[in-house]
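Worksheet: one structure, shown below.
These numbers come from a predicted model, not from an experiment. Order of the sequence lines fixes the chain letters, A, B, ..., with proteins taken first and strands second; residue numbering starts at 1 for each chain. These values consider heavy atoms only, across backbone and side chains, with no hydrogens, waters or symmetry-generated copies.
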4 protein chains.
Amino acid sequence: MIKVGIVGATGYAGAQLVWILHNHPKADIKFLCSNSYAGESYSDIYKNFSGHIYINCISNEEIYIQLDSIDVLFLAMPHGKSFEISKAAILKGIKVIDLGADFRLKDVTEYEEWYKVTHNAVDLLKESVYGLPELNREKIKTGNLIANPGCYPTASILALAPLLKKDIIDPDSIIIDAKSGVTGAGRSAVTNNLYCECNDSIKAYSIASHRHTPEIEQVLGNVSGKDITLTFTPHLTPMSRGILSVCYGKLNDDYSESTLLQLYRDFYKGEYFVKILDTPPETRYVKGSNMCHISLRVDKRTKRVIVVSAIDNLIKGAAGQAVQNMNILFNLNENAGIDFPAMVP
Amino acid sequence: MIKVGIVGATGYAGAQLVWILHNHPKADIKFLCSNSYAGESYSDIYKNFSGHIYINCISNEEIYIQLDSIDVLFLAMPHGKSFEISKAAILKGIKVIDLGADFRLKDVTEYEEWYKVTHNAVDLLKESVYGLPELNREKIKTGNLIANPGCYPTASILALAPLLKKDIIDPDSIIIDAKSGVTGAGRSAVTNNLYCECNDSIKAYSIASHRHTPEIEQVLGNVSGKDITLTFTPHLTPMSRGILSVCYGKLNDDYSESTLLQLYRDFYKGEYFVKILDTPPETRYVKGSNMCHISLRVDKRTKRVIVVSAIDNLIKGAAGQAVQNMNILFNLNENAGIDFPAMVP
Amino acid sequence: MIKVGIVGATGYAGAQLVWILHNHPKADIKFLCSNSYAGESYSDIYKNFSGHIYINCISNEEIYIQLDSIDVLFLAMPHGKSFEISKAAILKGIKVIDLGADFRLKDVTEYEEWYKVTHNAVDLLKESVYGLPELNREKIKTGNLIANPGCYPTASILALAPLLKKDIIDPDSIIIDAKSGVTGAGRSAVTNNLYCECNDSIKAYSIASHRHTPEIEQVLGNVSGKDITLTFTPHLTPMSRGILSVCYGKLNDDYSESTLLQLYRDFYKGEYFVKILDTPPETRYVKGSNMCHISLRVDKRTKRVIVVSAIDNLIKGAAGQAVQNMNILFNLNENAGIDFPAMVP
Amino acid sequence: MIKVGIVGATGYAGAQLVWILHNHPKADIKFLCSNSYAGESYSDIYKNFSGHIYINCISNEEIYIQLDSIDVLFLAMPHGKSFEISKAAILKGIKVIDLGADFRLKDVTEYEEWYKVTHNAVDLLKESVYGLPELNREKIKTGNLIANPGCYPTASILALAPLLKKDIIDPDSIIIDAKSGVTGAGRSAVTNNLYCECNDSIKAYSIASHRHTPEIEQVLGNVSGKDITLTFTPHLTPMSRGILSVCYGKLNDDYSESTLLQLYRDFYKGEYFVKILDTPPETRYVKGSNMCHISLRVDKRTKRVIVVSAIDNLIKGAAGQAVQNMNILFNLNENAGIDFPAMVP
């Protein structure tokens, strides 16, 4: 059994990690860290685990004491908080999978500009591996520090990679209009995230300024071999989970829908967690699963392609992908413990 | 008092019309037609009107008998159903405000291609007036047949008109990504619109093929003086009401956000129902009102402008705008009976 | 025009008061107090009022300076906060309508036991009038300090009063099982009220210990002339607004459903805001209105009656009823400014 | 592997069965029957199964041909539809688990009165076993035809059985006020179940007349050894899944909360799927799982106990319990394939 520790276990991504790893056939949870709930029983906070989990949360300080008990450390914390604990774990030979943003952007300057934080682990950043298995599987296998992708980047990169790899669209024409459920805003007690402020209403936010923008650009730039600068608009949608990413690009040539669908099916051939559909994805069909559904339409009138992808932001966009990376790191079946379809309705 | 009749009174737009006209200081509802509920008490169907409205629904046939009792006829029916009754009413000198699509597209061929229906009132089409008061107020004043705009077009045209009027963006660069509440799908009993099929999920539909596309193009083409061909993606969002229209365009020159915001404030100066905000609109702030909120961001990195508009699809996107048109036709204060802000939360 | 001030204007009940009074034909808002938002523009906080209201919030201290500008003061604050300002206002001859709990319970000991606060205005308490117009209209007319009823008590008392007045049920048999929307939990930023903690889930809370229990018992005791002790279970329901109160009582004799429905219709004859329906009420049909819908069923098998009432907790359960009381106090039409049906859907 | 067939596979309970059995380590789905979708690919209807299930739906007639391929038949159909297929399957020695109502009520007259249908399999009814494992495990083991309990009965019986078994409450005092998610209303395309008719609203329905009443009474009567007649009020709640059952009873004696909680813990000792909590259950903590959460409060003022239970109506209230029964029938671990906690949020 792989011995795991989770830091940030009472946030939404953390709770999803606990759910998956608790059920995982090859993982054994050794500790759950939540500084704000230190000393409390985890199943008193998340009562869905009553009768399933009997662990008290530990504090940030206690992690260091318990590091020797684990093989892999999952970090689900706000940006700027992962530097010290990552260093300590890596030094001890423990694999680190960071669900936060601290090791995703390879360019330190860019990180510091977008995140307004000094990067205190630049050496680690150099050896970190971007944990999107569908594009980066080989590097993940031998990585020590996995930078688990953001939720919007996961959905958007998987939607656009085939087009850019094959030079199908003009890289300057990309617009991503993405819609997220409210778990994407985290579990902090702020007025804006109250039920009555979110229910029955939709809004765009951080228009043309969201921190996931450079992450998407970096990865798509690598895929295409060109610099990518794109427009990204995230939305807060009245639902708990899910991301729908709608991506627009100008076609370099005449392509039919069926040609492009076939290109996607070829590109993702053998990928368990990516499914190309003939019809537009709906987030309900991936909610609660690690799947990414993708489909597309060609707008012949304007020579644009519209690619739509759907994921569960907490699973393929966070905890599920983190476990997928763990499976790869430890040479398990890639879908071990995350091999369940969405539960509908 | 203006005597009004409403056809399609038990659909969602119809019910909203009843609500507004019931409260309107200068309107008097003479009949409510609903073929499927003919003979039933309106307040048994919509129990919110218990104690307020004591009218039984009439059938389609009975309208013709009752035409003489009214000054203005509101039609809230599916496309292809307004031809005969419009002719009959116009012949009698009754003003007609059609909330459906039959008299919006001036090009008959285009209408028939997109709606797959033969147009049986081409003469009327010629004299119909597109009922978007902010752009077309003078013509509405003397119109006989008002083609009330679609919900997506209302939000999208108001968002983009200032940019096209002033030649700020490249007309070939326009992408509209719009999100609608489920009332937009109507009140028909179909599996796709069941609570458990829509709750907690979002999807795009009719991508690059929605019937509101040519309507938006026609009106924006008139505004800009150029042919407009654009990409339009509608979404079904898990909320009852509201449209958020997010519009993208490539800037022809360097413009700052404040310059463009001022341009919008000037363009809509004196317009009671359009409000330019500094921050991105949220549909909850217009829900239940006839207001349109608009704001914008400039993406300097990509030289794009992103304009976001929010309306209530049933009010400014349907019944409220229809009453705004009635007010103009009958020389009332334009905001009579529709002068209430959104009720939040 | 009646000059009004509102304290607690940025809470949900406060915002509803602003909405109603802004539209009220005879009221003029003179100040809006919100200690946490003092100095901020009200329409920046509630953007639905953009273009409608141009007032900055004042602090608690500033109220005292502005008291002379008003005829009536609305207080929408947590319990224990209304004592001083009420005294000051009453001294100046200003009518006070308190939407909080401080002047509802006539028994000071009971107040202090249930609310864990010392009552600092016992003299005022003696002269306060319980503001449920349907039961207490005559006293309200001449009152100076109106204790506006709680949301659950409004729905529950209106549901049960006819049965107790007419001695139809055993007073010891009463059980009230009531369901509230999340606005009932207020606008404080607490984890429990986050969207993702409330969405798609229902729970009972404060079972047999909710503070509205003695309020319901006091009023129903007055109606029946007997001491009433009952069981009350409130619930948090995944909706923004609305209360459904389901009330159970053992019939003292054989009564048919039609007999009891007629009794209710007689009891509430002439009441504009109470409507007796043949079918079970749904909260959507009263949402956004000051109406109370009531219906009932007789369970012949168990000789029980089940009475169901529905209100909007923020309107008939708070701000709407407060304005109804203002109308009575100032001898206006009782439905002035609150005469609109629910907007459905 | 146990070979299974599912009839009614495209309804909500059916889809939940497919989800569980697809993931079940010991089950193999042989056919999925859905008369309305016969011939269509199951994963085209429920796209969450894309890449997971490759089966076309068969028609009702085809079941008979395929009966020989299975060990157990699950029926998820409206009442009155299970008679013939059950007979055919039982004759062939196939175990039948009926999620419908046809074999639950032992009294044929009662069945026909409440369901308005003639019972065409009275012989089978005699040998059917009520499939609530926590009360009936031994009989289930050797049963051939399992009548899987209704959703409301499951939640309500588990909540009340300990009190009645131990004679703690007056059996004539029982009131059950239960709240269900909208999946409980099924997947038929009817106006009442549209998103915009259910969203943001709650209602009671079938008050004192719901068909689950005699089922609850029958089972609780068996538990207590006395005839039980109770009042039952179901509600439609704006959420997709979940039942919260709030049960009221008059205490026969003074009992403390801790005494009763201990009694429940003893009663359900060793039961994997029943968990007694100190705090009131919330449906979100059991949603997507086979768990039943129960807690209680004593109302000392009225000498009543209030027991609250929460289940997922489609799992412990339908498909999960059916699989629990299958596990018992086939001598597997009782929690095989249903051993997962709720996924929160």
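- Atoms SG and CE, on C/C198 and D/M239 in that order, are 12.5 Å from each other to the nearest 0.5 Å.
- Residues of residues 209-224 of chain C that come closer than 4.5 Å to chain D, counting heavy atoms only, are C/T213, C/E217, ordered by residue number.
- Contact annotation for C/I174: only backbone heavy atoms (N, CA, C, O) come within less than 4.5 Å of a heavy atom of chain D.
- Ranked by heavy-atom pairs under 4.5 Å with chain D, the first of C/K300, C/E197, C/K250 is C/E197.
- Across C/T279, C/I243, C/V246, the residue that shares the most heavy-atom pairs under 4.5 angstrom with chain D is C/V246.
- Atom CG of D/D227 is surrounded by 12 or fewer heavy atoms from other residues, nucleotides or ligands within 6.0 Å.
- Within the 4.5 Å cutoff, side-chain heavy atoms of C/K179 are placed close to those of D/D177.
- If you take CD on D/E257 and CD1 on C/I207, they are separated by 9.0 Å, rounding to the nearest 0.5 Å.
- Using a 4.5 Å heavy-atom threshold, the side chains of C/K203 and D/P280 count as separate.
- Residues D/R304 and C/I175 are in side-chain contact: their nearest non-hydrogen atoms beyond the backbone lie under 4.5 Å apart.
- Of the listed residues (D/T302, D/T231, D/I306, D/D299), the one with the most heavy-atom contacts under 4.5 Å to chain C is D/T231.
- Ranked by non-hydrogen atom pairs under 4.5 Å with chain C, the options D/S240, D/A310, D/G181 are led by D/S240.
- The minimum heavy-atom distance linking C/C196 with D/P345 is given by the pair O-CB, 3.5 Å.
- Neither the backbone nor the side chain of C/L236 has a heavy atom closer than 4.5 Å to any heavy atom of chain D.
- When D/V308, D/V344, D/T233 are compared by the number of non-hydrogen pairs under 4.5 Å with chain C, D/T233 comes out ahead.
- Contacts of C/R301 with chain D are made by both backbone and side-chain atoms, with heavy-atom separations under 4.5 Å.
- Only the side chain of C/T237 comes within contact range of chain D, judged by heavy atoms closer than 4.5 Å.
- Few gaps surround NZ on D/K106; more than 12 heavy atoms of other groups in view lie less than 6.0 Å from it.
- With a threshold of 4.5 angstrom between heavy atoms, C/P238 approaches chain D through its backbone and through its side chain.
- Contact count against chain C (heavy-atom pairs under 4.5 Å) is highest for D/D200 among D/T229, D/L230, D/D200, D/N199.
- In this structure, the portions of C/I202 lying under 4.5 Å from any heavy atom of chain D include both its backbone and its side chain.
- Salt-bridge annotation for C/D172 and D/K303: absent, with no side-chain N of the basic residue lying under 4.0 Å from a carboxylate O of the acidic one.
- Between C/R284 and D/S201, the shortest heavy-atom distance links the atoms N-OG, 2.8 Å.
- In this structure, the side chains of D/H235 and C/L244 come closer than 4.5 Å at one or more pairs of heavy atoms.
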